[in-house]
Amino acid sequence: MAAAPLRRGPQAEADGDAKPVVRARRRRSYGVISPLTRHILTVNLLALALLLSGLLYLERYQDWLVQRQLDILTTEARIFSGALGEGAMEPSSDEFNEPAGTLSWTLAAQMVRRLGDTTDTRFRLYDPKGKLQADSRVLSLAKGTRVQIEELPPLPDGNQLTQLGIDLYNAIVRALPTRDHLPVYAENRAADGSHFPDVQKALNGEAATHVWRVAGDAGKQDMVLTVAVPIQRYKQVLGAVLISRSGSEIDTEVREFRVNILKVFGGVIVLTVLMSIYLASTIVRPIRRLAAAADDVRYGHGRQAVLPDFSGRHDEIGDLSQSLRAMTSALWDRMDAIERFAADVAHEIKNPLTSMRSAVETVQLVKDETRLRKLLAIIADDVGRLDRLISDISNASRLDAELSRAEANSVDLRRMLTMFKDIHENTLGATPDEGEEGGPPPVTVEVELPPASRNLVVPGIEGRLTQVFQNLISNALSFSPPGGKVVLAAKVVGDRVEITCTDDGPGIPAGKTEAIFDRFYTERPAGEKFGTHSGLGLSISKQIVEAHNGRIFATNRTDATGKVLGAVFTVQLPRT
């Protein structure tokens, strides 16, 4: 088991410095509101702001109010026009030439003044030539004196805060170019009806409406609504009535509607802020605790740091807590395994080194050639044993890193097991005294596979799975007696493929079915030369199988009387 290498910083790599970069422990201080809380607040408030801006843009609502006001003015104008056509007429002297009579502008002006006193609407009368004859806002006195009547603006609200809000609202509305497309209303041209297109239409017998803008002080742009209808009697156009009214009532109604929207949104925003802060606290606070605990695990000494358990939340934070706790537990287990591995390696290397040291010290004192050759043979054996041990340790230490880097592919176990059988058959007799005439009978390898229709394909790293079965076959061959048989069998069990390796050897010692997979465990056949195996083969095989989400275990094969007939190693791997 090898420790993961320390990562080097980019600057160290650029400079060729092999020393690892160790970051100093640092805790960020985010202040009262964390960045995550600010992000949640920003997203929620931005959505509300977009909705609010859409609601405050009341262009269509304002158009509806304008059209409603124009309809009301049109109705008033038609009523007044009808009244003038009936009540302000002078009888005609020639009923054949002028059956409709003529309009008395004096009587019409009196009626206009009476209406002007009772309503806030301005009435103006134009003769058929478009000349202004009467105005409800103008009083005609003796000797041709005329007095212009101007409507006073409404009194300011007594509440200074309310008035300040209204002034601020008016300033914002004036800054928006919402009425630049409207024609400018020119009061100084009112005496000539030709300047009003709706008056011209009325003199042609058609009712007309118009919306104007009046440029005032400080960029103020008021709105004026005008309606012109013809004064008719027996279809004869006797003049035109022009009714105008300020759009201040519409502006006031729109403003009040917007203020009501703002009041509702004010409460909604307060509620949104409170809910966002609550939501952020349920996310930020646990994450901060997990981050602080992770820092304690990383920089602390000992294992006193415990990650908080939020598994009761049943959400992503709970999943994160469980994952971090599992990762920390796996980290401690890995550190313990590394520590045990280092101790085992030191112990195993120390034995041949001690033997070599004793032999070297004795060589200096021995004068006999025969004993000297024996000592040199011992030293050579110890050197070979040490070399094999170091090679196996190196392979075991690289195994974790290689398994994490390699990509899994589909591995056909049917082809792999058949290949082992073919290799063994082709190498029979290659070793001395085996398979030769007069020598001991060889150990055979047989393969028992299900029908070809059964799928024996598993996901994995083919080279490493080959190493597993190579170790098992080599181990079975070494324990099998001459003429024995090693059987490789595979079958499908549910969602897994089960492979067994059976031999005719002495079996596994009692109570050692788990211990044989420990590192450096050696239980070799009688007569085998000491030191030819490092005791890492089965340990490496177990590590590879577990990395493939599989399972490996060993049992003894017995007969009806309980006699041990051999060992059985079983490997279970998930199917594709």
Side-chain angles (χ1 to χ4, degrees), residues 66-67 69-90 92 98 100-141 144-151 179 181-216 221-247:
V66 169
Q67 187 59 46
Q69 193 69 254
L70 289 174
D71 293 341
I72 294 174
L73 289 177
T74 302
T75 301
E76 292 181 4
R78 291 186 183 278
I79 293 174
F80 183 58
S81 172
L84 289 176
E86 294 293 335
M89 297 299 298
E90 293 181 349
S92 175
E98 296 181 3
T102 59
L103 186 65
S104 174
W105 298 109
T106 302
L107 293 175
Q110 292 175 358
M111 294 176 67
V112 166
R113 281 196 298 272
R114 292 192 187 98
L115 287 174
D117 293 338
T118 57
T119 65
D120 59 349
T121 305
R122 185 174 183 178
F123 295 85
R124 279 171 283 193
L125 299 181
Y126 291 88
D127 60 17
K129 296 181 179 180
K131 183 178 179 181
L132 180 63
Q133 296 295 331
D135 190 343
S136 63
R137 296 288 175 85
V138 176
L139 295 180
S140 297
L141 301 178
T145 304
R146 298 167 61 88
V147 177
Q148 180 75 33
I149 301 174
E150 294 291 342
E151 186 178 355
R179 296 177 181 172
H181 64 285
L182 297 177
V184 178
Y185 178 80
E187 177 66 29
N188 54 358
R189 299 182 180 182
D192 188 357
S194 62
H195 296 293
F196 294 93
D198 41 357
V199 172
Q200 296 299 316
K201 287 186 178 181
L203 293 177
N204 291 327
E206 300 178 10
T209 61
H210 217 81
V211 182
W212 310 80
R213 63 182 174 93
V214 180
Q221 292 187 347
D222 288 334
M223 188 166 49
V224 175
L225 311 179
T226 60
V227 174
V229 297
I231 304 173
Q232 294 177 312
R233 184 173 175 82
Y234 301 116
K235 301 298 182 178
Q236 181 183 1
V237 178
L238 306 177
V241 177
L242 179 66
I243 298 181
S244 61
R245 181 177 294 175
S246 173

R124 side chain near V199 side chain, heavy-atom distance below 4.5 Å: no

CZ on R122 to CG on L242, rounded to 0.5 Å: 9.0 Å

With sequence neighbours excluded, residues passing side chain to side chain donor-acceptor pair (under 3.5 Å) with S104: E90

Nearest heavy atoms of L125 and I231, plus distance in Å: CD2-CD1, 4.1 Å

Please set out all donor-acceptor pairs under 3.5 angstrom arising from side-chain atoms of residues 72-85, sequence neighbours excluded.
{"residue": "T74", "atom": "OG1", "partner": "L70", "partner atom": "O", "Å": "2.7"}
{"residue": "T75", "atom": "OG1", "partner": "D71", "partner atom": "O", "Å": "3.0"}
{"residue": "E76", "atom": "OE1", "partner": "R245", "partner atom": "NH2", "Å": "3.3"}
{"residue": "E76", "atom": "OE2", "partner": "R245", "partner atom": "NH2", "Å": "3.3"}
{"residue": "S81", "atom": "OG", "partner": "P230", "partner atom": "O", "Å": "2.6"}

Side chains of V224 and R213 in contact at under 4.5 Å (non-hydrogen atoms): no

D192: side-chain contact (heavy atoms from CB on, under 4.5 Å) partners, not counting sequence neighbours: S194, H195

side-chain contact (heavy atoms from CB on, under 4.5 Å) partners of P128, counting only residues at least two apart: W105

Which residues share a side chain to side chain donor-acceptor pair (under 3.5 Å) with Q133, sequence neighbours left out: D127

Distance, nearest 0.5 Å, that separates NE2 of H210 from OG of S244: 13.0 Å

F196 and W212 aromatic ring geometry - parallel, tilted or perpendicular at 30°/60° bounds: perpendicular

Separation of L225 CG from T209 OG1 (nearest 0.5 Å): 9.0 Å

